[in-house]
Number of protein chains: 2
Amino acid sequence: MFSKACEYGIKATIFIAVKSLHDQRVSLKEIAEEIDSPVAFTAKILQLLAKSGIVDSHKGPTGGFQMDRTGIDNVKVYDIVCAIDGDKIFNGCGLGLKHCDAEHPCPVHDKFIAIRDNLTTMLQKTSMFELATGLDIGLTQLKR
Amino acid sequence: MFSKACEYGIKATIFIAVKSLHDQRVSLKEIAEEIDSPVAFTAKILQLLAKSGIVDSHKGPTGGFQMDRTGIDNVKVYDIVCAIDGDKIFNGCGLGLKHCDAEHPCPVHDKFIAIRDNLTTMLQKTSMFELATGLDIGLTQLKR
DNA sequence: ATATAAAAAGACCTTTTTATCCTTAAATAA
DNA sequence: TTATTTAAGGATAAAAAGGTCTTTTTATAT
């Protein structure tokens, strides 16, 4: 569904949100440990998320990554997916056609619209706050 | 959503179904032309589809690919996706966790179940016959 | 039988994705 | 100010996906 980079990005952001709700900054190292991801690769992804304004980054001792409360409420899974994988999964044709629309549909066009719309809506509605609280109270996990 | 190989595989099978409904065998070359795909790469995918029993292949002059009427009715998009991409998209965790289930869910587990179930059901219900007739009467297209 | 036409098979190449390593820049604490 | 800590950035490597080329096998028509 998503690229590995995007999976790491979503997991990292959820963890940053959890820590931020406790007013804590987290370092790259802590994040990579928590989500069980390669450190250097995770660094690249966090760079991208920081550039996209999804997370804040700070250098130096006591530095790390953080989100403010507004971000935790407003950032949706959708935003992370768009930042890392682009919008191909939301807009692209199920069979990879470049010019597939209602006028010139591919054989699975209509069938995919419903699925795709469900996915888009779900990801647009799901905030970091929602996912972070589930993780914080031990309802969900990011490892294994 | 699907790999390029899988997209080609679905398109190729639909085209083979259309031609088979007219009692015609089609060659690799015709298929690749029709679905606008690289010939040699398409050959690999058709080999796999033939081994999986999704299409029949015949060597020699007048050879090519074909489906019988039973296959056209019974083969679902789901079967092609499983043969080429495996069942990861139907069973795998949305965040790539290896041990993600109702007992140990990832943060998006429940949200993905609905989407995934819709997708699975849709692909399990959609037969080659349905897609082939849409293409045959010019309602849908495989190119561009 | 033989030439021919087609798919099967295997070796190879290219691009993209995933991942690592090393250096640089910035911030903090002493 | 300086040592230290942390993210940013760039170069490189490994793995996977996508794609090509050549040879072999099989079937057909002549």
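Below, chains carry the letters A, B, ... as their sequence lines are ordered, and counting in each starts from 1.
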Identify all pairs in which a protein N or O lies below 3.5 Å from an N or O of nucleotides 12-14 of chain C, and state each distance.
none

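Note that the CZ atom of A:F65 and the OG1 atom of A:T42 stand 10.0 Å from one another [nearest 0.5 Å].
Put simply, A:K44 has no side-chain N or O that comes within less than 4.0 Å of OP1 or OP2 on C:dC21. Of the side-chain N and O atoms in B:S57, one or more sit less than 4.0 angstrom from OP1 or OP2 of C:dA8. Between C:dT4 and B:K59, no contact under 4.0 Å exists linking OP1 or OP2 to a side-chain N or O. Proximity of A:Y8 to the phosphate of C:dT18: no side-chain N or O atom is located under 4.0 Å from OP1 or OP2. For B:Q47, no side-chain nitrogen or oxygen approaches OP1 or OP2 of C:dA7 to under 4.0 Å.
Ring geometry, A:Y8 versus A:F41: the interplanar angle exceeds 60°, so the pair is classed perpendicular (tilted spans 30 to 60°).
The side chain of A:A50 approaches D:dA8 more closely than any other nucleotide in the set D:dG9, D:dA8, D:dG18. Of the candidates D:dA7, C:dT20, D:dG19, the closest approach to any side-chain atom of A:F41 belongs to C:dT20.
The interatomic distance linking A:E7 (CD) with C:dA19 (C1') rounds to 15 Å, in whole Å. Following rounding to the nearest Å, A:D56 (CG) and D:dT6 (C1') show an atom-to-atom distance of 16 Å. Counting to the nearest Å, the C1' atom of D:dA7 and the CD1 atom of A:I45 are 15 Å from each other. Residue B:L49 contributes atom CG, which lies 14 Å from atom P of C:dA7 at whole-angstrom precision. Separating the CZ atom of B:R25 from the C1' atom of D:dT28 is a distance of 11 Å, rounded to the nearest angstrom. Taking atom CG on A:L46 and atom P on D:dT6, their separation rounds to 15 Å, with Å as the unit. Spacing between atom CG of B:L28 and atom P of D:dT22 amounts to 16 Å, rounded to whole angstrom units. Taking atom NE2 of residue A:H58 and atom P of nucleotide C:dA26, one finds them 14 Å apart after rounding to whole Å.
Nucleotides of DNA chain C nearest to A:S3 and A:P61 differ in position, and the one nearer the 5' end is that of A:S3.
For the side-chain contact (heavy atoms from CB on, under 4.5 Å) with A:I14, the lone residue among A:M128, A:E130, A:E34 that qualifies is A:M128.
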Kindly list each side-chain donor-acceptor pair under 3.5 angstrom involving residues 135-144 of chain A, sequence neighbours excluded, with atom names and distances?
unit_1 : atom_1 : unit_2 : atom_2 : d
A:D136 : OD1    : A:H22  : NE2    : 3.2
A:D136 : OD2    : A:H22  : NE2    : 3.0
A:T140 : OG1    : A:L135 : N      : 3.3
A:Q141 : NE2    : B:H99  : O      : 3.1
A:Q141 : NE2    : B:H104 : O      : 2.8

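Residues B:I31 and B:K19 form no side-chain contact, since every pair of their non-hydrogen atoms from C-beta on lies 4.5 Å or further apart.
In terms of heavy atoms, A:M67 sits closest to A:S20 at N-OG, 2.9 Å.
If you check every strand for non-hydrogen atoms under 4.0 Å, A:K29 touches nothing.
In the hydrophobic clustering of this structure, A:I45 groups with A:V39; members are Ile, Leu, Val, Met, Phe, Trp, Tyr whose side-chain heavy atoms approach within less than 4.5 Å, directly or through other members.
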